[in-house]
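Only one structure is covered here, and it is reproduced in the block below.
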Amino acid sequence: MKNLKSLLFATLLFLGASQVSNAQAKIAHVDVSEIMTKLPAMLEAQKQLDKLSQTYQADYKTMGDEYQAKLKKYDAEASTVTDALNAERQKEVADMEKRIQDFGQTAQKELQTKESDLMKPIEEKVKLAIQKVGKAKGFQYVLNSAGLLLAEGPNLTADIKKELGF
């Protein structure tokens with residue numbers, strides 16, 4: 001009888017241990033940042049963004065140089081022209097300032113839109129690749145290692161909640 005109890009206890013212990021090991025999720029991690037920075041499509045997208053940015057910067061500089069030249073000219077001539085002409089020139093300078101500011105804001109929005117348009121398909125491609133490889137290797141979860149403090153081991157969230165009483 002005592003042997004039967006021991007055998008039953010050992011069997012239950014073995015079954016319980018095997019159930020716990022089967023219940024654990026398979027978790028992997030990946031450094032998405034490293035993939036994204038070295039992906040050829042990402043490098044090409046960055047070149048396109050840099051080129052567009054340089055174009056905007058050159059246009060912005062040209063507008064700024066024209067503005068400065070007009071200011072200098074108008075300041076030099078301010079004492080020799082009529083008040084009406086000075087008022088008209090002030091309005092012209094204010095309009096130039098507004099156009100320059102508007103250009104800067106528009107350029108920034110267009111760069112952000114272009115970046116989003118270029119990055120979205122790349123990010124989707126990386127996400128699909130991660131899902132495909134993760135599923136093929138039998139992982140239930142694939143985490144981005146960028147924020148992980150420990151890159152291996154089971155998820156301890158449930159145990160910590162239990163320990164804290166909820």
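Values below: every heavy atom of this structure, side chains too, minus hydrogens, waters and symmetry copies. If you read the sequence from its start, that first residue is 1, and numbering goes on from there.
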- Query: In terms of ring plane angle, is the pair F103 and Y60 parallel, tilted or perpendicular, where the classes change at 30° and 60°?
  - Reply: parallel
[X] and [Y]: which non-hydrogen atoms are nearest, and at how many Å?
X    : Y    : answer
A76  : S79  : O-OG, 4.5 Å
I122 : A45  : CD1-CB, 4.0 Å
L43  : K38  : CD1-O, 4.2 Å
V93  : L71  : CG1-CD2, 3.7 Å
M63  : I100 : O-CD1, 3.7 Å
E123 : M36  : CG-CE, 3.6 Å

- Assess whether side chain to side chain contact (heavy atoms under 4.5 Å, CB included) is satisfied between I27 and Q140, documenting all intermediate values. CA-CA 6 Å; I27 300 173; Q140 294 164 322; over 6 Å; no
- Message: Would you say CD of Q108 has more than 12 non-hydrogen atoms from neighbouring residues, nucleotides or ligands within 6.0 angstrom?
- Response: no
- For atom CD of E92, decide whether the heavy atoms of other residues, nucleotides or ligands shown that lie under 6.0 angstrom number more than 12.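 Atom CD in E92 is packed in, count exceeds 12.
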Report yes if some heavy atom in the side chain of [X] is under 4.5 Å from a heavy atom in the side chain of [Y]; otherwise report no.
X   : Y    : answer
Q57 : S53  : yes
M42 : M119 : yes
V32 : I130 : yes

- Item | Contacts of type salt bridge (charged side-chain N to carboxylate O under 4.0 Å, His left out), residue K61, not counting sequence neighbours |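 Partners of K61 under the salt bridge (charged side-chain N to carboxylate O under 4.0 Å, His left out) test: D65.
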- Item | Residues in salt bridge (charged side-chain N to carboxylate O under 4.0 Å, His left out) contact with E77, at least two apart in sequence or another chain |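 E77 satisfies salt bridge (charged side-chain N to carboxylate O under 4.0 Å, His left out) with R89 only.
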Just verifying a value: how many Å separate [X] [atom1] and [Y] [atom2], rounded to the nearest 0.5 Å?
X    : Y   : atom1 : atom2 : answer
E115 : Q48 : CD    : CD    : 12.0 Å
D102 : E97 : CG    : CD    : 11.5 Å
T80  : L85 : OG1   : CG    : 9.0 Å

- Query: Side chains of Q46 and D50: is there a donor and an acceptor less than 3.5 Å apart?
  - Reply: yes
- Query: Using a distance-only test with no angle check, is there a side-chain donor-acceptor pair under 3.5 angstrom linking Q90 and Y74?
  - Reply: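 Distance-only check fails for Q90 and Y74.
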- Test side chain to side chain contact (heavy atoms under 4.5 Å, CB included) on H29 and N144 and set out the steps. CA-CA 6 Å; H29 60 91; N144 186 355; over 6 Å; no
- Message: Under 4.5 Å between side-chain heavy atoms, counting indirect links through other Ile/Leu/Val/Met/Phe/Trp/Tyr residues: same cluster for Y56 and L49 or not?
- Response: no
- Task: State whether the side chain of T62 and the backbone N or O of A58 hold a donor-acceptor pair below 3.5 Å, judged by distance alone.
- Result: yes
